[in-house]
Colleague: 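Okay, here's the structure, questions in a sec.
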Amino acid sequence: MRAPITVIGAFSLGGLFPIPQGRGDFMSEAAKQPVERKTLDERNRMSDLERLRHSCAHIMAAAVLRLWPDARLDIGPPTDEGFYYDFDLASHRFTPDDFPAIEEEMKKIIKENQVFEKGVLARAEASDLFQSKGQSFKLERLADIPEGEAISIYRSGEFVDLCAGPHVMRTGNVKAYKLLRVASAYYRGNEKNPQLQRLYGTAFPNKTELEQWVTAQEEAKKRDHRKIGREMELFVFDDDVGPGLPLWMPKGAVILEELERLAKETEFAAGYERVRTPHLARESMYKKSGHLPYYAESMFPPMELHEAGGEGAAEAPRERYYLKAMNCPHHHKIFAASPRSYRELPLRLAEYGTCYRYEQSGELMGLMRVRSMQMNDAHIYCTAEQFAEEFRAVNEMYLKYFKIFGLDRFLMRFSTHDPARLGQKFVDDPELWKKTEDMVRRTLVESGINFVEVPNEAAFYGPKIDVQVWSVVGREFTIATNQVDFAVPGRFGLVYKTRENTEGTPLCIHRAPLGTHERFVAFLIEHYAGNFPLWLAPEQVRVLPIGEEQDDYGRSLVRELRAHGIRADLDASGDKIGAKIRSAETAKVHTMWVVGRKEQAAGQVAIRRHGLGDLGVRSRGEALALLQADIQQRGISS
RNA sequence: GCCAGUGUAGCUCAGCGGUAGAGCAACGGUUUCGUAAACCGUCGGUCGCCGGUUCAAUCCCGGCCACUGGCUCCA
């Protein structure tokens, strides 16, 4: 059960940055659905598709009950992708092998063309009904319904469910459906509750749409960054290194280098200064920062140093060091290292810092969720007066980046605190929370940026704006973040001399517009399906001599390209030209220069672009200039 | 961390109670070729790891590790 959120608007740059042909879109079909306004009042206003899927969930539950009469049912809502239903079933563990039987039973129910009948019951009646059926979860769900609110049930054939609806008219209206996977889910989404067995499925108005969806899912899997990353030799995971600890291979490292170059240029122009800090720090620092009580579970356990040569191994450690899970405390120490004047503010300290987080094993997912990560981090120390402008500048930096990458589907999420959890999840300073949240909200509204506001999602030290994107398999991730910190600078005793010669405590903005290398590259791989724009392409040019007699000419071309900083290689294999092209295409090499006798004689190259085919002959100088221009402007498609 | 599934050559996958196979890749040779696959040959695996059952285990059982799908959590 997700807390209801009010969607103020979904942010999209619309068609401003069309994704080039052949690259497609990085979002799943489901994720492409416009973000709908959903509030408590509107909860009942399901779309036709949701209504269909919800009805299909009932049909699936009815089928499960026919096959396993002791199943206890929880809830079965529609989702972006289809629907699910949660069951508690002591006698059986669902596996995908059960799908044919369940689908067959669903088919029968659909054929019976049962009417979905709505009924409104008195609480006692409903209670008796579900009591008699042994549906204890339904009784608990019933207790959630506030006094005075109507208790509605839906009946189709022998199946009865506590359900607000709405539904399609008849089971026969469900024309195309498919069970997708078995999963488990904690009852009421709480880790401390027992787990239920969840069956996921989907339904569409007709078979064609279902088939299209299935095909789209298969296509999406082909651009999964884990698959492409292996095929293109961008990164690997190794058991001996450890889960969630990626090794960047040469071709993957190229992408990191280019991203860092972009960040350094952008940040330099925006008045940032670069710093470098170690990967670990003493426990005392994290005690001071206040991270330990909030964050210890997400950090790798500390390294304990004992007295050298001491007899007793059991004695208390002399000191503890933690691998850093965030860069801020280190940066704060740099701020604190010199006396600061208001004249120096805003002070912007940037670092692509490497952090380590002990993510729970089940949460790891390729590069999207890892345990070691490099953050496009910076901390901006400023006065309250400077805050709005700094915060706005960060938001604009996002947009600048997103334009470069052609990223046009994302959601700005404004995370605020929950007053009920002050002092636990959030630092206990209600006034500052309100003040900073108001500042952030005003900044967003004034910039005309649409956003979603989500309570209870803030960092412990202040509100934040996250940019949400969707992986190719439809999972939502935060790709960038912009956070306010009104608490930690005070804990570190960070001060600056004001114009009035008093001491002020700076506000701090934590920002990572390019998120972490790991997640950002994962996202880019899927966004481009591995077909990176030239400036990012690991292998920019491959020179393909048609025969061995052109190998020397090819070598001279590669030498020239490399002298100009272009990543070029020669295919001097004995393959025929068709095979050379095929392997370059398969490797997603951005540009091929095919050279035979004619080109060699004329000092030319035949340009072939990955996915686009033969683009004709140019002089080697012209061909080089084209590449340079494209790289220099960081073109999206070229 | 929890639930479930999976783990066979670098990759994609067959196979099975009698100790392994294909395609691609790699390597060697022949071929010197005009825009997505020339031909021949060779190498390559303690079948994730540890233990148990058995005359015999890659196969059955148990534990562990990793991955995948979810849940929980997050950049």
Side-chain angles (χ1 to χ4, degrees), chain A residues 84 86 93-97 180-200 221 224 226-227 230-231 233 236-240 242-244 295 297-298 325-326 355 357-370 373-377 457 459 464 466-469 473 475-481 483 510-520 522-523 544-551 573-587 592-599 606-617:
Chain A
Y84 66 81
D86 284 346
R93 284 269 162 215
F94 289 128
T95 75
D97 295 337
L180 298 175
R181 62 184 80 98
V182 296
S184 80
Y186 294 104
Y187 178 54
R188 291 176 187 270
N190 187 328
E191 211 173 353
K192 293 184 176 65
N193 287 341
Q195 291 190 313
L196 306 176
Q197 299 189 60
R198 176 173 291 182
L199 291 178
Y200 279 93
K221 282 199 185 107
D224 188 311
R226 290 165 294 191
K227 182 175 162 62
R230 192 171 44 235
E231 288 166 353
E233 300 184 323
V236 284
F237 289 92
D238 185 283
D239 274 5
D240 285 331
Y295 225 90
E297 278 189 14
S298 302
M326 66 294 294
C355 297
R357 295 186 184 173
Y358 191 76
E359 303 292 349
Q360 296 188 64
S361 58
E363 290 161 354
L364 301 174
M365 189 225 180
L367 284 181
M368 289 284 185
R369 197 74 184 278
V370 292
M373 68 211 83
Q374 260 190 290
M375 263 196 260
N376 170 230
D377 215 353
E457 295 287 316
K464 61 178 179 175
D466 292 323
V467 182
Q468 304 302 110
V469 296
V473 287
R475 273 211 244 170
E476 180 177 336
F477 287 97
T478 299
I479 197 74
T481 187
Q483 314 184 347
H510 306 235
R511 43 108 282 176
L514 299 177
T516 63
H517 268 328
E518 288 69 20
R519 184 171 292 177
F520 205 81
F523 171 77
L544 312 180
I546 285 172
E548 200 179 347
E549 53 188 276
Q550 284 86 46
D551 279 2
S573 69
D575 285 339
K576 293 169 81 167
I577 191 62
K580 286 182 180 181
I581 285 166
R582 184 166 196 280
S583 56
E585 290 283 352
T586 310
M592 286 148 270
W593 280 5
V594 179
V595 292
R597 288 189 194 98
K598 283 182 288 185
E599 287 78 14
I607 300 172
R608 183 188 166 99
R609 264 291 314 281
H610 169 62
L612 297 180
D614 194 346
L615 297 184
V617 175

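Naming convention: chains lettered A, B, ... in sequence-line order (proteins, then strands); numbering from 1 in each chain. None of the values given here were measured: they were computed from a predicted structure.
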Colleague: Tell me which nucleotide among B:rA37, B:rU35, B:rA36 gets nearest to the side chain of A:Ala579.
Modeller: B:rA37
Colleague: In whole angstrom, give me the gap between the C1' atoms of B:rU8 and B:rG70.
Modeller: 27 Å
Colleague: Please state whether the phosphate of B:rA4, meaning OP1 or OP2, lies under 4.0 angstrom from any side-chain nitrogen or oxygen of A:Arg93.
Modeller: yes
Colleague: With respect to the side chain of A:Thr481, which nucleotide from B:rA36, B:rG1, B:rA75 is positioned closest?
Modeller: B:rA75
Colleague: Sticking with atom C1', work out how far B:rA57 lies from B:rU19, rounded to a whole angstrom.
Modeller: 8 Å
Colleague: Can you tell me whether the side chain of A:Glu233 and the base of B:rG10 have a donor-acceptor pair closer than 3.5 Å?
Modeller: no
Colleague: Quick check: any donor-acceptor pair below 3.5 Å linking the side-chain of A:Tyr186 to the base of B:rG1?
Modeller: yes
Colleague: With A:Thr478, which residues qualify under side-chain hydrogen bond (donor to acceptor under 3.5 Å, both in side chains), at least two apart?
Modeller: A:Gln468
Colleague: Examine B:rC71: is either OP1 or OP2 under 4.0 Å from a nitrogen or oxygen in the side chain of A:Tyr200? Give yes or no.
Modeller: yes
Colleague: Watson-Crick or G-U wobble partner for B:rU53, using a 3.5 Å limit on both distances?
Modeller: none
Colleague: Would you kindly give the CG-to-P distance between A:Asp224 and B:rU68, to the nearest whole Å?
Modeller: 9 Å
Colleague: Give the rounded distance in Å between these two atoms: CD of A:Gln360 and C1' of B:rC65.
Modeller: 18 Å
Colleague: Only pairs with both distances under 3.5 Å count, Watson-Crick or wobble alike; so what is the partner of B:rU58 in this structure?
Modeller: none
Colleague: Indicate, with a heavy-atom threshold strictly under 4.0 Å, whether A:Gly362 touches base, sugar-phosphate, or nothing.
Modeller: base
Colleague: How long is the line joining CZ of A:Arg519 and P of B:rA75, in whole Å?
Modeller: 8 Å
Colleague: For B:rA9 and B:rG21, measure between their P atoms and round to the nearest Å.
Modeller: 14 Å
Colleague: Rounded to the Å, how far apart are A:Leu544 CG and B:rU35 P?
Modeller: 13 Å
Colleague: Please determine whether a side-chain nitrogen or oxygen atom of A:Lys464 lies at a distance below 4.0 Å from atom OP1 or OP2 of B:rA75.
Modeller: yes
Colleague: Describe the nucleic acid contact of A:Arg597 in one word from base, sugar-phosphate, nothing, applying a heavy-atom distance below 4.0 Å.
Modeller: base
Colleague: When you get a sec, tell me which of B:rG69, B:rC3, B:rA75 is the closest nucleotide to the side chain of A:Met365?
Modeller: B:rG69
Colleague: Looking only at atom C1', what distance separates B:rC67 and B:rA26, rounded to whole Å?
Modeller: 26 Å
Colleague: Using a cut-off of strictly less than 4.0 Å, decide whether A:Arg230 has a side-chain nitrogen or oxygen near OP1 or OP2 of B:rU12.
Modeller: yes
Colleague: For the side chain of A:Glu585 and the backbone of A:Gly611, is there at least one donor-acceptor N/O pair under 3.5 Å apart?
Modeller: yes
Colleague: As a test of reading the structure: which of B:rA4, B:rA75, B:rG69 is closest to the side chain of A:Val182, going by heavy atoms?
Modeller: B:rA4
Colleague: Please determine, for the side chain of A:Glu585, which listed nucleotide (B:rC71, B:rG69, B:rA36) has the closest atom?
Modeller: B:rA36
Colleague: A:Arg198 side chain N/O closer than 4.0 Å to the phosphate oxygens (OP1, OP2) of B:rC2?
Modeller: no
Colleague: Roughly, in whole Å, what's the span from CG in A:Leu364 to C1' in B:rG69?
Modeller: 14 Å
Colleague: Who does B:rC73 pair with, Watson-Crick or G-U, both distances under 3.5 Å?
Modeller: none
Colleague: Provide, to the nearest angstrom, the distance between the CZ atom belonging to A:Arg582 and the C1' atom belonging to B:rU35.
Modeller: 14 Å
Colleague: Considering only the P atoms, how many Å lie between B:rA4 and B:rU58, rounded to the nearest integer?
Modeller: 27 Å
Colleague: Can you check the A:Glu191 CD to B:rC2 C1' distance for me, whole Å?
Modeller: 7 Å
Colleague: A:Asp239 has a side chain; which of B:rA66, B:rA75, B:rG70 sits nearest to it?
Modeller: B:rA66
Colleague: Looking at side-chain heavy atoms only, is the closest gap between A:Gln360 and A:Glu297 below 4.5 Å?
Modeller: no
Colleague: Decide yes or no, distance alone: a donor-acceptor N/O pair under 3.5 angstrom between the base of B:rA75 and the side-chain of A:Thr516.
Modeller: yes
Colleague: Could you give the distance separating B:rG10 and B:rG63 at their P atoms, to the nearest angstrom?
Modeller: 29 Å
Colleague: Can you tell me which nucleotide in B:rC33, B:rA36, B:rU35 comes closest to the side chain of A:Val594?
Modeller: B:rU35
Colleague: What is the distance, to the nearest angstrom, from the CG atom on A:Asp97 to the C1' atom on B:rU6?
Modeller: 13 Å
Colleague: With a non-hydrogen cut-off below 4.0 angstrom, is A:Ile581 in contact with a base, only sugar-phosphate, or nothing?
Modeller: base
Colleague: Could you tell me the Watson-Crick or G-U partner of B:rU31, where both distances fall under 3.5 Å? Say none if there is no partner.
Modeller: none
Colleague: Does A:Arg475 put a side-chain nitrogen or oxygen below 4.0 Å from OP1 or OP2 of B:rG70?
Modeller: yes
Colleague: For a quick test of reading the model: is some side-chain N or O of A:Arg608 closer than 4.0 Å to OP1 or OP2 of B:rG34?
Modeller: no
Colleague: A:Ala606 side chain: which of B:rA36, B:rU35, B:rA75 is closest?
Modeller: B:rU35
Colleague: Nearest to the A:Arg369 side chain among B:rU35, B:rU72, B:rC73, which nucleotide is it?
Modeller: B:rC73
Colleague: Taking 4.0 Å as the cut-off, does a side-chain nitrogen or oxygen of A:Ser184 come that near to OP1 or OP2 on B:rC71?
Modeller: no
Colleague: Below 4.0 angstrom, N of the basic side chain to O of the carboxylate: do A:Asp575 and A:Lys580 qualify?
Modeller: no
Colleague: Quick one: label A:Gly611 by what it contacts on the DNA or RNA (base, sugar-phosphate, nothing), any heavy atom closer than 4.0 Å.
Modeller: nothing
